[in-house]
Amino acid sequence: MTNLAQHLVDTAAGHGDRTALRMDDTVLTYAQFRDAAAGVAAGLRDRGVQPGDRVGLVLPNVVSFPVVFYGALMAGAAVVPMNPLLKAREVEYYLRDSGARLVVALDSVADAATEAAGTVGVEAVAVGPVDPGSALGAATPDAEVADRADEDDAVILYTSGTTGQPKGAQLTHANLRGNARTTQETLLEGSPEDVIMGCLPLFHVFGLTCSLNAGVLAGACLTLLPRFDGARALEIVERDHVTVFQGVPTMFAAMLHQPDASRYDVSSLRLCVSGGSAMPVEVMRGFEEAFGCIVLEGYGLSETSPVASFNHPHAERKPGTIGTPIRGVEMRLVDDEGRDVPEGEVGEIAIRGENVMRGYWQRPEETAKAIPDGWFRSGDLARRDADGYYAIVDRKKEMIIRGGYNVYPREIEEALYEHPAVAEAACVGVAHPDLGEEVAAAVALKPGASAEVDELKAWVKERVAAYKYPRYLWLVDALPKGPTGKILRRAVEVPEEARP
(Lines give C-alpha, C1' and ligand atoms only; values in the text may rest on other atoms or scores of the structure.)
Protein backbone atom coordinates (compact mmCIF):
# COMPACT_ATOMS: atom_id res chain seq x y z
CA MET A 1 0.00 0.00 0.00
CA THR A 2 1.47 3.32 -1.07
CA ASN A 3 -1.39 5.70 -1.88
CA LEU A 4 -2.28 7.70 1.24
CA ALA A 5 -5.98 7.25 0.37
CA GLN A 6 -5.73 3.56 1.19
CA HIS A 7 -5.89 4.53 4.87
CA LEU A 8 -9.48 5.70 4.38
CA VAL A 9 -10.46 2.54 2.52
CA ASP A 10 -8.90 0.32 5.18
CA THR A 11 -10.49 2.17 8.10
CA ALA A 12 -13.90 2.12 6.40
CA ALA A 13 -13.56 -1.62 5.80
CA GLY A 14 -12.88 -2.31 9.45
CA HIS A 15 -14.96 0.38 11.14
CA GLY A 16 -17.49 1.60 8.58
CA ASP A 17 -20.14 2.58 11.11
CA ARG A 18 -17.80 4.70 13.24
CA THR A 19 -18.26 8.50 13.04
CA ALA A 20 -15.56 10.01 10.85
CA LEU A 21 -16.59 13.62 10.23
CA ARG A 22 -18.88 15.99 12.05
CA MET A 23 -19.83 19.58 11.34
CA ASP A 24 -22.65 20.64 13.64
CA ASP A 25 -25.66 18.56 12.52
CA THR A 26 -23.87 16.91 9.60
CA VAL A 27 -22.34 13.54 10.45
CA LEU A 28 -20.55 11.07 8.13
CA THR A 29 -19.51 7.56 9.09
CA TYR A 30 -16.32 6.12 7.67
CA ALA A 31 -18.32 4.08 5.15
CA GLN A 32 -20.13 7.23 3.99
CA PHE A 33 -16.85 9.16 3.90
CA ARG A 34 -15.26 6.47 1.71
CA ASP A 35 -18.25 6.29 -0.65
CA ALA A 36 -18.39 10.08 -1.00
CA ALA A 37 -14.65 10.23 -1.76
CA ALA A 38 -15.04 7.39 -4.28
CA GLY A 39 -17.75 9.40 -6.05
CA VAL A 40 -15.45 12.41 -6.25
CA ALA A 41 -12.63 10.20 -7.60
CA ALA A 42 -14.90 8.89 -10.34
CA GLY A 43 -16.07 12.42 -11.15
CA LEU A 44 -12.49 13.63 -11.46
CA ARG A 45 -11.62 10.72 -13.74
CA ASP A 46 -14.65 11.60 -15.90
CA ARG A 47 -13.19 15.11 -16.21
CA GLY A 48 -9.92 13.70 -17.50
CA VAL A 49 -7.86 13.78 -14.32
CA GLN A 50 -5.05 11.25 -14.60
CA PRO A 51 -2.62 9.96 -11.95
CA GLY A 52 0.03 12.62 -11.41
CA ASP A 53 -2.22 15.53 -12.41
CA ARG A 54 -2.62 18.40 -9.95
CA VAL A 55 -6.01 19.38 -8.52
CA GLY A 56 -6.46 22.73 -6.77
CA LEU A 57 -8.54 22.86 -3.60
CA VAL A 58 -10.00 26.13 -2.29
CA LEU A 59 -12.06 24.97 0.68
CA PRO A 60 -12.30 25.92 4.37
CA ASN A 61 -12.84 23.36 7.14
CA VAL A 62 -16.12 21.98 5.84
CA VAL A 63 -17.05 18.34 5.19
CA SER A 64 -16.29 18.75 1.50
CA PHE A 65 -12.59 19.33 2.18
CA PRO A 66 -11.73 15.82 3.44
CA VAL A 67 -14.09 14.23 0.91
CA VAL A 68 -12.56 16.00 -2.10
CA PHE A 69 -9.03 15.64 -0.71
CA TYR A 70 -9.29 11.87 -0.39
CA GLY A 71 -11.25 11.61 -3.63
CA ALA A 72 -8.46 13.37 -5.50
CA LEU A 73 -5.88 11.06 -3.93
CA MET A 74 -7.97 8.00 -4.86
CA ALA A 75 -7.88 9.24 -8.47
CA GLY A 76 -4.08 9.46 -8.23
CA ALA A 77 -3.93 13.25 -8.33
CA ALA A 78 -1.69 15.51 -6.26
CA VAL A 79 -3.69 18.06 -4.26
CA VAL A 80 -2.78 21.76 -4.22
CA PRO A 81 -4.55 23.17 -1.12
CA MET A 82 -5.18 26.92 -0.98
CA ASN A 83 -6.47 29.39 1.57
CA PRO A 84 -10.10 30.32 0.69
CA LEU A 85 -9.27 33.95 1.50
CA LEU A 86 -6.83 34.22 -1.42
CA LYS A 87 -7.58 36.76 -4.12
CA ALA A 88 -7.96 35.80 -7.78
CA ARG A 89 -4.41 36.84 -8.70
CA GLU A 90 -3.01 34.63 -5.92
CA VAL A 91 -5.09 31.61 -6.94
CA GLU A 92 -4.04 32.23 -10.52
CA TYR A 93 -0.38 32.04 -9.47
CA TYR A 94 -0.87 28.70 -7.70
CA LEU A 95 -2.84 27.21 -10.57
CA ARG A 96 -0.38 28.38 -13.21
CA ASP A 97 2.74 27.45 -11.24
CA SER A 98 1.48 23.97 -10.31
CA GLY A 99 -0.03 23.29 -13.75
CA ALA A 100 -3.29 22.23 -12.09
CA ARG A 101 -5.83 20.53 -14.35
CA LEU A 102 -8.83 21.93 -12.45
CA VAL A 103 -9.74 23.64 -9.19
CA VAL A 104 -12.51 22.80 -6.69
CA ALA A 105 -13.86 25.64 -4.54
CA LEU A 106 -16.63 26.21 -2.02
CA ASP A 107 -19.62 27.67 -3.83
CA SER A 108 -20.06 30.61 -1.43
CA VAL A 109 -16.49 31.83 -1.96
CA ALA A 110 -15.77 30.49 -5.44
CA ASP A 111 -15.54 33.83 -7.29
CA ALA A 112 -11.77 34.21 -6.95
CA ALA A 113 -11.09 30.60 -7.96
CA THR A 114 -13.50 30.81 -10.89
CA GLU A 115 -11.93 34.03 -12.14
CA ALA A 116 -8.42 32.62 -11.75
CA ALA A 117 -9.33 29.36 -13.49
CA GLY A 118 -10.80 31.32 -16.39
CA THR A 119 -7.61 33.33 -16.75
CA VAL A 120 -5.42 30.23 -16.68
CA GLY A 121 -7.79 28.23 -18.88
CA VAL A 122 -8.76 25.37 -16.58
CA GLU A 123 -12.08 24.18 -15.19
CA ALA A 124 -13.42 25.44 -11.85
CA VAL A 125 -15.97 23.32 -9.96
CA ALA A 126 -18.03 24.93 -7.20
CA VAL A 127 -19.22 22.53 -4.49
CA GLY A 128 -21.39 22.83 -1.41
CA PRO A 129 -20.03 22.53 2.13
CA VAL A 130 -21.31 19.01 2.82
CA ASP A 131 -22.07 17.31 -0.52
CA PRO A 132 -19.36 17.84 -3.15
CA GLY A 133 -20.65 14.85 -5.10
CA SER A 134 -23.73 16.71 -6.33
CA ALA A 135 -21.46 18.97 -8.41
CA LEU A 136 -18.35 16.87 -8.80
CA GLY A 137 -19.27 13.23 -8.34
CA ALA A 138 -20.01 10.61 -10.97
CA ALA A 139 -23.17 8.60 -11.40
CA THR A 140 -21.23 5.43 -10.57
CA PRO A 141 -18.76 5.80 -7.67
CA ASP A 142 -15.47 3.99 -8.17
CA ALA A 143 -13.72 2.92 -4.97
CA GLU A 144 -10.55 1.92 -6.83
CA VAL A 145 -7.44 3.55 -5.38
CA ALA A 146 -4.90 4.52 -8.02
CA ASP A 147 -1.46 2.98 -7.65
CA ARG A 148 1.15 5.52 -6.60
CA ALA A 149 4.81 5.16 -5.72
CA ASP A 150 6.26 6.24 -2.39
CA GLU A 151 8.08 9.14 -4.04
CA ASP A 152 5.06 10.39 -6.01
CA ASP A 153 3.57 13.74 -4.97
CA ALA A 154 0.44 13.57 -2.82
CA VAL A 155 0.30 17.28 -1.97
CA ILE A 156 2.00 20.36 -3.33
CA LEU A 157 1.83 22.87 -0.51
CA TYR A 158 2.81 26.44 -1.22
CA THR A 159 4.89 28.05 1.49
CA SER A 160 4.49 31.75 2.07
CA GLY A 161 8.18 32.45 2.53
CA THR A 162 9.62 35.79 3.62
CA THR A 163 10.93 36.79 0.22
CA GLY A 164 10.03 36.11 -3.38
CA GLN A 165 7.10 34.14 -4.78
CA PRO A 166 5.64 31.19 -2.83
CA LYS A 167 7.28 27.85 -3.56
CA GLY A 168 5.42 24.54 -3.83
CA ALA A 169 6.74 21.98 -1.35
CA GLN A 170 6.32 18.51 -2.86
CA LEU A 171 5.07 16.22 -0.10
CA THR A 172 5.02 12.60 -1.20
CA HIS A 173 2.72 9.76 -0.22
CA ALA A 174 5.58 8.35 1.87
CA ASN A 175 6.17 11.73 3.56
CA LEU A 176 2.55 12.17 4.60
CA ARG A 177 1.89 8.52 5.38
CA GLY A 178 4.91 8.28 7.70
CA ASN A 179 4.20 11.56 9.46
CA ALA A 180 0.52 10.68 9.96
CA ARG A 181 1.42 7.27 11.37
CA THR A 182 3.96 8.68 13.83
CA THR A 183 1.47 11.35 14.92
CA GLN A 184 -1.26 8.76 15.34
CA GLU A 185 0.87 6.34 17.32
CA THR A 186 2.63 8.99 19.42
CA LEU A 187 -0.11 11.51 20.16
CA LEU A 188 -3.40 9.74 19.48
CA GLU A 189 -1.86 6.51 20.74
CA GLY A 190 -3.98 4.53 18.29
CA SER A 191 -7.23 5.35 20.05
CA PRO A 192 -10.36 5.12 17.85
CA GLU A 193 -12.37 6.74 20.66
CA ASP A 194 -10.69 10.10 20.19
CA VAL A 195 -12.62 13.14 19.02
CA ILE A 196 -10.23 15.61 17.40
CA MET A 197 -11.02 19.31 17.20
CA GLY A 198 -10.75 20.31 13.54
CA CYS A 199 -10.10 24.01 13.88
CA LEU A 200 -6.62 24.03 12.36
CA PRO A 201 -7.03 24.86 8.66
CA LEU A 202 -6.92 21.64 6.65
CA PHE A 203 -5.31 23.54 3.77
CA HIS A 204 -2.31 23.93 6.09
CA VAL A 205 -0.07 20.92 6.67
CA PHE A 206 -0.41 20.96 10.49
CA GLY A 207 -4.17 20.40 10.29
CA LEU A 208 -3.91 18.15 7.24
CA THR A 209 -1.46 15.69 8.79
CA CYS A 210 -2.13 15.84 12.52
CA SER A 211 -5.92 16.28 12.47
CA LEU A 212 -7.23 14.73 9.24
CA ASN A 213 -4.72 12.11 8.09
CA ALA A 214 -3.76 10.91 11.57
CA GLY A 215 -7.44 10.85 12.53
CA VAL A 216 -8.36 8.72 9.52
CA LEU A 217 -5.54 6.31 10.33
CA ALA A 218 -6.73 6.02 13.93
CA GLY A 219 -10.39 5.75 12.98
CA ALA A 220 -11.09 8.78 15.16
CA CYS A 221 -13.77 11.47 14.72
CA LEU A 222 -12.84 14.89 13.36
CA THR A 223 -15.28 17.63 14.39
CA LEU A 224 -14.93 20.60 12.07
CA LEU A 225 -14.96 24.31 12.86
CA PRO A 226 -14.89 26.31 9.59
CA ARG A 227 -13.74 29.55 11.22
CA PHE A 228 -12.00 29.69 14.56
CA ASP A 229 -13.57 31.56 17.45
CA GLY A 230 -12.56 30.98 21.07
CA ALA A 231 -16.07 30.75 22.47
CA ARG A 232 -17.29 28.54 19.63
CA ALA A 233 -14.31 26.22 20.11
CA LEU A 234 -15.15 25.82 23.80
CA GLU A 235 -18.79 25.09 22.90
CA ILE A 236 -17.71 22.31 20.51
CA VAL A 237 -15.31 20.80 23.05
CA GLU A 238 -18.22 20.55 25.49
CA ARG A 239 -20.84 19.42 22.93
CA ASP A 240 -18.79 16.76 21.14
CA HIS A 241 -16.64 15.66 24.11
CA VAL A 242 -13.45 16.57 22.28
CA THR A 243 -10.46 14.62 23.61
CA VAL A 244 -7.64 16.06 21.46
CA PHE A 245 -7.26 19.78 20.79
CA GLN A 246 -4.62 20.86 18.30
CA GLY A 247 -3.95 24.52 17.68
CA VAL A 248 -1.51 27.37 17.28
CA PRO A 249 -0.67 29.55 20.31
CA THR A 250 -3.13 32.30 19.38
CA MET A 251 -5.97 29.76 19.51
CA PHE A 252 -4.96 28.68 23.01
CA ALA A 253 -4.75 32.33 24.06
CA ALA A 254 -8.20 33.11 22.60
CA MET A 255 -9.81 30.27 24.56
CA LEU A 256 -7.90 31.13 27.72
CA HIS A 257 -8.94 34.78 27.58
CA GLN A 258 -12.64 34.11 26.95
CA PRO A 259 -14.43 36.08 29.71
CA ASP A 260 -16.75 33.14 30.53
CA ALA A 261 -14.35 30.28 29.75
CA SER A 262 -14.94 28.66 33.15
CA ARG A 263 -18.58 27.93 32.39
CA TYR A 264 -17.74 25.35 29.70
CA ASP A 265 -17.26 21.69 30.58
CA VAL A 266 -13.95 20.75 28.95
CA SER A 267 -13.24 17.74 31.17
CA SER A 268 -13.17 15.45 28.10
CA LEU A 269 -9.86 16.98 26.94
CA ARG A 270 -7.09 14.40 27.17
CA LEU A 271 -4.35 16.05 25.19
CA CYS A 272 -3.60 19.46 23.71
CA VAL A 273 -0.97 19.96 21.03
CA SER A 274 0.59 23.29 20.08
CA GLY A 275 2.61 24.03 16.97
CA GLY A 276 2.95 26.50 14.12
CA SER A 277 4.87 29.03 16.19
CA ALA A 278 6.48 29.26 19.60
CA MET A 279 4.06 28.90 22.51
CA PRO A 280 4.57 31.65 25.12
CA VAL A 281 5.28 29.88 28.40
CA GLU A 282 2.79 32.09 30.27
CA VAL A 283 0.00 31.14 27.86
CA MET A 284 0.83 27.45 28.23
CA ARG A 285 0.81 27.62 32.02
CA GLY A 286 -2.39 29.63 32.11
CA PHE A 287 -4.19 27.25 29.74
CA GLU A 288 -3.14 24.16 31.67
CA GLU A 289 -4.27 25.68 34.97
CA ALA A 290 -7.59 26.91 33.57
CA PHE A 291 -8.56 23.77 31.65
CA GLY A 292 -6.83 21.03 33.62
CA CYS A 293 -4.95 19.43 30.75
CA ILE A 294 -1.40 19.11 29.47
CA VAL A 295 -0.16 21.04 26.43
CA LEU A 296 2.58 19.37 24.38
CA GLU A 297 4.59 21.67 22.15
CA GLY A 298 6.10 20.44 18.91
CA TYR A 299 7.84 21.74 15.85
CA GLY A 300 7.70 21.35 12.12
CA LEU A 301 7.46 23.09 8.78
CA SER A 302 5.54 22.73 5.53
CA GLU A 303 8.65 21.14 4.06
CA THR A 304 8.73 18.45 6.79
CA SER A 305 5.14 17.20 6.44
CA PRO A 306 5.16 18.91 9.11
CA VAL A 307 6.17 17.22 12.38
CA ALA A 308 9.90 17.03 13.13
CA SER A 309 10.07 17.06 16.94
CA PHE A 310 7.80 16.93 19.98
CA ASN A 311 7.58 16.89 23.72
CA HIS A 312 6.48 13.27 23.74
CA PRO A 313 3.55 12.25 25.96
CA HIS A 314 5.44 9.63 27.96
CA ALA A 315 8.77 11.41 28.27
CA GLU A 316 9.92 14.40 30.31
CA ARG A 317 8.14 17.53 29.17
CA LYS A 318 10.13 20.74 29.05
CA PRO A 319 7.92 23.82 28.58
CA GLY A 320 9.55 26.35 26.30
CA THR A 321 11.20 23.65 24.18
CA ILE A 322 10.11 21.81 21.03
CA GLY A 323 11.16 18.48 22.53
CA THR A 324 13.16 15.82 20.73
CA PRO A 325 13.02 14.46 17.16
CA ILE A 326 10.19 12.05 16.37
CA ARG A 327 10.79 8.50 15.17
CA GLY A 328 12.32 8.37 11.70
CA VAL A 329 13.67 11.93 11.92
CA GLU A 330 17.13 13.30 12.75
CA MET A 331 17.90 16.89 13.78
CA ARG A 332 21.15 18.75 14.30
CA LEU A 333 22.33 22.35 14.69
CA VAL A 334 24.68 23.77 12.08
CA ASP A 335 26.48 27.01 11.29
CA ASP A 336 26.43 28.85 7.96
CA GLU A 337 28.97 26.40 6.52
CA GLY A 338 26.95 23.35 7.55
CA ARG A 339 29.24 22.38 10.43
CA ASP A 340 27.84 21.18 13.75
CA VAL A 341 27.87 23.92 16.39
CA PRO A 342 29.30 23.24 19.87
CA GLU A 343 26.93 22.02 22.59
CA GLY A 344 24.91 24.88 24.04
CA GLU A 345 25.58 27.22 21.13
CA VAL A 346 22.94 28.63 18.78
CA GLY A 347 22.72 27.00 15.36
CA GLU A 348 20.28 26.50 12.50
CA ILE A 349 18.07 23.43 12.76
CA ALA A 350 18.85 20.92 9.99
CA ILE A 351 16.48 17.97 9.47
CA ARG A 352 16.83 14.62 7.74
CA GLY A 353 14.31 11.79 7.57
CA GLU A 354 11.17 10.29 6.09
CA ASN A 355 9.27 13.55 6.57
CA VAL A 356 11.47 15.82 4.42
CA MET A 357 9.87 16.97 1.17
CA ARG A 358 10.94 15.71 -2.21
CA GLY A 359 11.79 19.28 -3.21
CA TYR A 360 10.27 22.55 -4.39
CA TRP A 361 8.06 22.13 -7.43
CA GLN A 362 10.06 22.93 -10.58
CA ARG A 363 12.70 24.83 -8.60
CA PRO A 364 15.87 22.70 -8.60
CA GLU A 365 18.10 25.58 -7.52
CA GLU A 366 15.87 26.46 -4.56
CA THR A 367 15.71 22.77 -3.65
CA ALA A 368 19.50 22.42 -3.72
CA LYS A 369 19.83 25.51 -1.53
CA ALA A 370 17.29 24.20 0.99
CA ILE A 371 18.69 20.64 1.04
CA PRO A 372 22.38 21.06 0.12
CA ASP A 373 23.65 17.83 1.66
CA GLY A 374 20.60 15.69 2.40
CA TRP A 375 19.74 17.83 5.43
CA PHE A 376 16.90 20.35 5.09
CA ARG A 377 17.83 23.80 6.35
CA SER A 378 14.90 25.10 8.38
CA GLY A 379 15.90 28.73 8.78
CA ASP A 380 15.14 28.39 12.52
CA LEU A 381 17.78 29.03 15.16
CA ALA A 382 17.86 26.90 18.30
CA ARG A 383 19.88 25.55 21.20
CA ARG A 384 20.06 21.90 22.29
CA ASP A 385 20.46 20.96 25.93
CA ALA A 386 22.31 18.01 27.43
CA ASP A 387 19.15 15.85 27.25
CA GLY A 388 18.74 16.46 23.51
CA TYR A 389 15.80 18.87 23.81
CA TYR A 390 15.72 21.73 21.33
CA ALA A 391 14.65 25.28 22.21
CA ILE A 392 13.87 27.70 19.38
CA VAL A 393 15.71 30.97 19.71
CA ASP A 394 14.23 32.51 16.60
CA ARG A 395 13.89 32.58 12.86
CA LYS A 396 17.29 33.14 11.31
CA LYS A 397 15.92 35.79 8.97
CA GLU A 398 14.01 37.60 11.74
CA MET A 399 16.95 37.92 14.11
CA ILE A 400 17.66 41.58 14.90
CA ILE A 401 21.28 42.74 14.86
CA ARG A 402 21.53 45.87 17.03
CA GLY A 403 24.93 47.48 17.07
CA GLY A 404 26.60 44.15 16.41
CA TYR A 405 24.62 42.30 19.08
CA ASN A 406 22.09 39.61 18.17
CA VAL A 407 18.58 40.14 19.54
CA TYR A 408 16.12 37.28 19.19
CA PRO A 409 12.54 38.58 18.94
CA ARG A 410 11.03 35.65 20.78
CA GLU A 411 12.97 36.46 23.95
CA ILE A 412 11.51 39.97 24.00
CA GLU A 413 8.02 38.66 23.27
CA GLU A 414 8.27 36.17 26.14
CA ALA A 415 9.07 39.02 28.51
CA LEU A 416 6.07 40.99 27.25
CA TYR A 417 3.74 37.97 27.58
CA GLU A 418 4.63 37.81 31.28
CA HIS A 419 2.92 41.20 31.77
CA PRO A 420 -0.64 40.56 33.02
CA ALA A 421 -2.21 42.97 30.52
CA VAL A 422 -0.54 41.63 27.35
CA ALA A 423 -2.51 39.32 25.01
CA GLU A 424 -0.25 39.36 21.94
CA ALA A 425 3.19 40.70 21.13
CA ALA A 426 5.44 40.90 18.08
CA CYS A 427 9.02 42.09 18.20
CA VAL A 428 10.57 43.39 14.98
CA GLY A 429 13.68 45.21 13.86
CA VAL A 430 13.51 48.70 12.38
CA ALA A 431 16.33 50.33 10.43
CA HIS A 432 18.57 52.64 12.47
CA PRO A 433 21.22 54.98 11.02
CA ASP A 434 23.79 54.26 13.75
CA LEU A 435 23.00 50.82 15.11
CA GLY A 436 21.89 49.14 11.90
CA GLU A 437 18.67 47.99 13.53
CA GLU A 438 16.71 49.02 16.58
CA VAL A 439 14.38 46.81 18.59
CA ALA A 440 10.66 47.56 18.31
CA ALA A 441 7.51 45.84 19.50
CA ALA A 442 3.78 45.95 18.75
CA VAL A 443 1.50 44.89 21.59
CA ALA A 444 -2.20 44.01 21.81
CA LEU A 445 -3.76 44.07 25.28
CA LYS A 446 -6.26 41.65 26.78
CA PRO A 447 -9.93 42.73 26.64
CA GLY A 448 -10.58 45.25 29.40
CA ALA A 449 -6.91 45.50 30.38
CA SER A 450 -4.84 48.67 30.33
CA ALA A 451 -1.13 49.44 30.27
CA GLU A 452 0.98 52.40 29.25
CA VAL A 453 3.71 52.20 26.63
CA ASP A 454 6.40 53.37 29.04
CA GLU A 455 5.20 50.84 31.61
CA LEU A 456 5.65 47.99 29.11
CA LYS A 457 9.09 49.21 28.04
CA ALA A 458 10.19 49.34 31.68
CA TRP A 459 8.74 45.88 32.27
CA VAL A 460 10.89 44.38 29.51
CA LYS A 461 13.96 46.43 30.48
CA GLU A 462 13.82 44.81 33.91
CA ARG A 463 13.90 41.34 32.34
CA VAL A 464 16.45 41.48 29.51
CA ALA A 465 19.87 42.96 28.85
CA ALA A 466 19.89 46.71 28.26
CA TYR A 467 20.68 46.41 24.55
CA LYS A 468 17.66 44.16 23.98
CA TYR A 469 14.63 46.00 25.32
CA PRO A 470 12.40 47.71 22.71
CA ARG A 471 13.12 51.43 22.39
CA TYR A 472 10.02 51.70 20.23
CA LEU A 473 6.75 50.18 21.39
CA TRP A 474 3.16 50.85 20.38
CA LEU A 475 -0.29 49.44 21.10
CA VAL A 476 -2.53 47.84 18.45
CA ASP A 477 -5.99 46.27 18.53
CA ALA A 478 -4.68 43.01 17.05
CA LEU A 479 -1.61 41.67 15.31
CA PRO A 480 -1.55 40.38 11.71
CA LYS A 481 -1.88 36.61 11.43
CA GLY A 482 -1.50 33.97 8.75
CA PRO A 483 -4.12 31.38 7.79
CA THR A 484 -3.38 29.19 10.82
CA GLY A 485 -3.52 32.09 13.26
CA LYS A 486 0.26 32.40 13.50
CA ILE A 487 1.40 35.97 14.20
CA LEU A 488 3.24 37.34 11.17
CA ARG A 489 6.09 39.56 12.33
CA ARG A 490 6.94 40.55 8.77
CA ALA A 491 3.42 41.97 8.29
CA VAL A 492 3.55 44.21 11.37
CA GLU A 493 3.12 47.85 10.33
CA VAL A 494 5.58 50.13 12.05
CA PRO A 495 4.11 53.62 12.68
CA GLU A 496 6.14 56.65 11.70
CA GLU A 497 6.73 57.64 15.32
CA ALA A 498 8.45 54.28 15.83
CA ARG A 499 10.92 54.86 13.03
CA PRO A 500 14.33 56.37 13.93
Side-chain angles (χ1 to χ4, degrees), residues 7-8 11-12 14-33 60-63 65-67 129-130 180 183-202 206-249 251-275 284 286-298 313-314 485:
H7 286 165
L8 173 58
T11 298
H15 309 284
D17 58 350
R18 190 177 287 163
T19 300
L21 304 170
R22 161 167 274 159
M23 187 178 73
D24 294 331
D25 295 333
T26 300
V27 176
L28 263 65
T29 65
Y30 270 97
Q32 292 169 327
F33 183 5
N61 283 24
V62 294
V63 171
F65 187 108
V67 170
V130 298
T183 299
Q184 178 250 340
E185 292 176 352
T186 305
L187 299 179
L188 304 184
E189 299 180 301
S191 174
E193 306 305 318
D194 273 320
V195 178
I196 303 168
M197 169 67 86
C199 58
L200 282 167
L202 298 178
F206 186 6
L208 186 66
T209 291
C210 300
S211 300
L212 177 58
N213 293 340
V216 167
L217 192 56
C221 171
L222 180 66
T223 182
L224 295 164
L225 177 58
R227 183 171 181 173
F228 183 81
D229 171 84
R232 185 73 181 124
L234 289 167
E235 287 176 9
I236 292 175
V237 170
E238 181 179 62
R239 182 195 72 191
D240 296 342
H241 307 292
V242 171
T243 61
V244 178
F245 180 86
Q246 300 169 343
V248 295
M251 292 178 177
F252 286 88
M255 294 166 70
L256 175 62
H257 297 145
Q258 276 301 122
D260 58 348
S262 60
R263 78 177 180 87
Y264 296 98
D265 180 2
V266 297
S267 58
S268 61
L269 282 176
R270 176 176 65 80
L271 176 68
C272 295
V273 177
S274 176
M284 180 185 289
F287 192 93
E288 291 182 341
E289 290 174 6
F291 299 117
C293 61
I294 292 177
V295 179
L296 299 179
E297 188 171 11
H314 302 296

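None of these values were measured; they are calculated from a predicted model.
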Show the nearest heavy-atom pair for residues [X] and [Y], with the distance to one decimal.
{"X": "V62", "Y": "P129", "value": "CB-O, 3.5 Å"}
{"X": "F228", "Y": "A233", "value": "CE1-CB, 3.6 Å"}
{"X": "A218", "Y": "R18", "value": "O-NH1, 4.1 Å"}
{"X": "S268", "Y": "V237", "value": "OG-O, 3.7 Å"}
{"X": "A180", "Y": "A214", "value": "O-CB, 3.8 Å"}
{"X": "G230", "Y": "Q258", "value": "C-CG, 3.9 Å"}

Evaluate the side-chain proximity of [Y] to [X]: yes if any heavy-atom separation is below 4.5 Å, no if none is.
{"X": "T186", "Y": "P313", "value": "yes"}
{"X": "H241", "Y": "T223", "value": "no"}
{"X": "S274", "Y": "M284", "value": "no"}
{"X": "V195", "Y": "R22", "value": "no"}
{"X": "E193", "Y": "T243", "value": "no"}
{"X": "V273", "Y": "L187", "value": "yes"}
{"X": "I236", "Y": "F245", "value": "no"}
{"X": "L188", "Y": "L217", "value": "no"}

Exam field: side chain [X] to backbone [Y], donor-acceptor pair closer than 3.5 Å:
{"X": "D260", "Y": "R263", "value": "no"}
{"X": "S211", "Y": "G198", "value": "no"}
{"X": "E288", "Y": "V295", "value": "yes"}
{"X": "D17", "Y": "T29", "value": "no"}
{"X": "D240", "Y": "V242", "value": "no"}
{"X": "D194", "Y": "G215", "value": "no"}
{"X": "E238", "Y": "D265", "value": "yes"}

Going from [atom1] on [X] to [atom2] on [Y], what distance comes out if it is rounded to the nearest 0.5 angstrom?
{"X": "Q246", "Y": "L222", "atom1": "CD", "atom2": "CG", "result": "9.0 Å"}
{"X": "Q184", "Y": "C210", "atom1": "CD", "atom2": "SG", "result": "12.0 Å"}
{"X": "T11", "Y": "Y30", "atom1": "OG1", "atom2": "OH", "result": "6.0 Å"}
{"X": "H257", "Y": "F287", "atom1": "NE2", "atom2": "CZ", "result": "11.0 Å"}
{"X": "M197", "Y": "C272", "atom1": "CE", "atom2": "SG", "result": "10.0 Å"}
{"X": "D229", "Y": "M251", "atom1": "CG", "atom2": "CE", "result": "11.0 Å"}

Is there a side chain to side chain contact (heavy atoms under 4.5 Å, CB included) between L256 and E289 once you walk through the steps?
CA-CA 10 Å; L256 175 62; E289 290 174 6; over 6 Å; no
Taking atom CG as the centre, does L225 end up with more than 12 heavy-atom neighbours from other residues, nucleotides or ligands that are less than 6.0 angstrom away?
yes
Using the side chain to side chain contact (heavy atoms under 4.5 Å, CB included) rule, take L224 and L202 through it: C-alpha gap first, then chi angles, then the decisive distance, then the call.
CA-CA 10 Å; L224 295 164; L202 298 178; 4.0 Å; yes
Using side chain to side chain contact (heavy atoms under 4.5 Å, CB included), reason through I294 and L271 one step at a time and then give a plain yes or no.
CA-CA 6 Å; I294 292 177; L271 176 68; 5.5 Å; no
If you apply the rule side chain to side chain contact (heavy atoms under 4.5 Å, CB included), what do you find for F65 with L21, and how did you get there?
CA-CA 11 Å; F65 187 108; L21 304 170; over 6 Å; no
